[in-house]
Amino acid sequence: MNYTQRVHRLCKKIPKGKVSTYGRLAKKLNSGPRAVGQALNKNTDPQVPCHRVVMSDGSIGGFNSGVKNKITKLSAEGILVVDGRVPPSVITEV
DNA sequence: AGGGTGACCCGCT
DNA sequence: CAGCGGGCCACCC
């Protein structure tokens, strides 16, 4: 299995209503945070909720055809987004 | 095969 | 406390 697929699988592991951070996943994957971003960047699979992945600060980041779109998705998932960021309560260690 | 990029993180100044 | 630089890993050209 490619590294990218492994990242995708981890994203799917993220429980609904919760989010994870690039650094967290990177540590789980024993890799660098940038690698996670690359994998998700190339990933356009609807079954991979890359929007559930945020920065260590809870910031959404800036991708996916617009941050607003990502925030909308997160809100649809039941994740509270405040000022483009999510509270640490929704950040899970997966 | 080599260089550059990307949705980052940690440390120092 | 805020700003800057370096390091991390994988993928594309």
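Throughout, protein chains are lettered first and strands after them, A, B, ... in sequence-line order, and every chain is numbered starting at 1. No experiment lies behind these values; they were computed from the predicted model shown.
One can place CG of A:L29 at 14 Å from C1' of B:dC8, the figure rounded to the nearest angstrom. Protein atom CG of A:L40 is 13 Å distant from nucleotide atom P of C:dC12, rounded to whole Å. With rounding to whole Å, A:K28 atom NZ is found 17 Å from C:dC9 atom P. Atom C1' of nucleotide B:dA7 and atom CZ of A:R85 are separated by 16 Å, given to the nearest angstrom. Look at CG on A:N43: it is 12 Å from P on C:dC12, rounded to the nearest Å. The CD-C1' distance, from A:Q38 to B:dC8, rounds to 11 Å in whole Å. The interatomic distance linking A:L25 (CG) with C:dC9 (P) rounds to 16 Å, in whole Å. As a whole-Å value, the separation of A:N2 CG from C:dC11 C1' is 11 Å.
Residue side chain A:Y3 does not reach the base of C:dA10 through any donor-acceptor N/O pair under 3.5 Å, judged by distance alone.
Heavy-atom contacts from other residues, nucleotides or ligands closer than 6.0 Å to NZ of A:K27 number 12 or fewer.
In terms of modelled atom types and a separation under 3.5 Å, the side chain of A:K70 and the main chain of A:V53 share a donor-acceptor contact. Of the possible polar contacts, none joining the A:K28 side chain to the A:G23 backbone as a donor-acceptor pair under 3.5 Å is found.
Side-chain proximity of A:Y22 to B:dG6, B:dC8, C:dC9: nearest is B:dC8. Minimum atom distance to the side chain of A:S31 is reached by C:dC9, of the listed B:dA7, B:dT5, C:dC9. Here C:dA10 is the nucleotide among B:dC8, B:dA7, C:dA10 with the atom lying nearest to any side-chain atom of A:T4. In this structure, the nucleotide among B:dC8, C:dC12, B:dG6 sitting nearest to the side chain of A:P33 is B:dC8. The side chain of A:S56 lies closest to B:dC9 when the candidates are C:dA10, B:dC8, B:dC9. When the nucleotides B:dA7, C:dA10, B:dC10 are ranked by their closest atom to the side chain of A:K27, B:dC10 comes out on top.
Two residues, A:A39 and A:R34, neighbour DNA chain C, and the one matched to the more 5' nucleotide by heavy-atom proximity is A:R34.
Within 4.0 Å (heavy atoms only), A:G37 reaches at least one base atom of the nucleic acid.
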Original post:
Where do A:H8 and A:L40 land on the side chain to side chain contact (heavy atoms under 4.5 Å, CB included) test, with the steps shown first?
Top reply: CA-CA 7 Å; A:H8 296 175; A:L40 293 175; 4.2 Å; yes
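Checked against A:S20 for a side chain to side chain contact (heavy atoms under 4.5 Å, CB included), the options A:I91, A:V90, A:L10, A:V94 give a single hit: A:V94.
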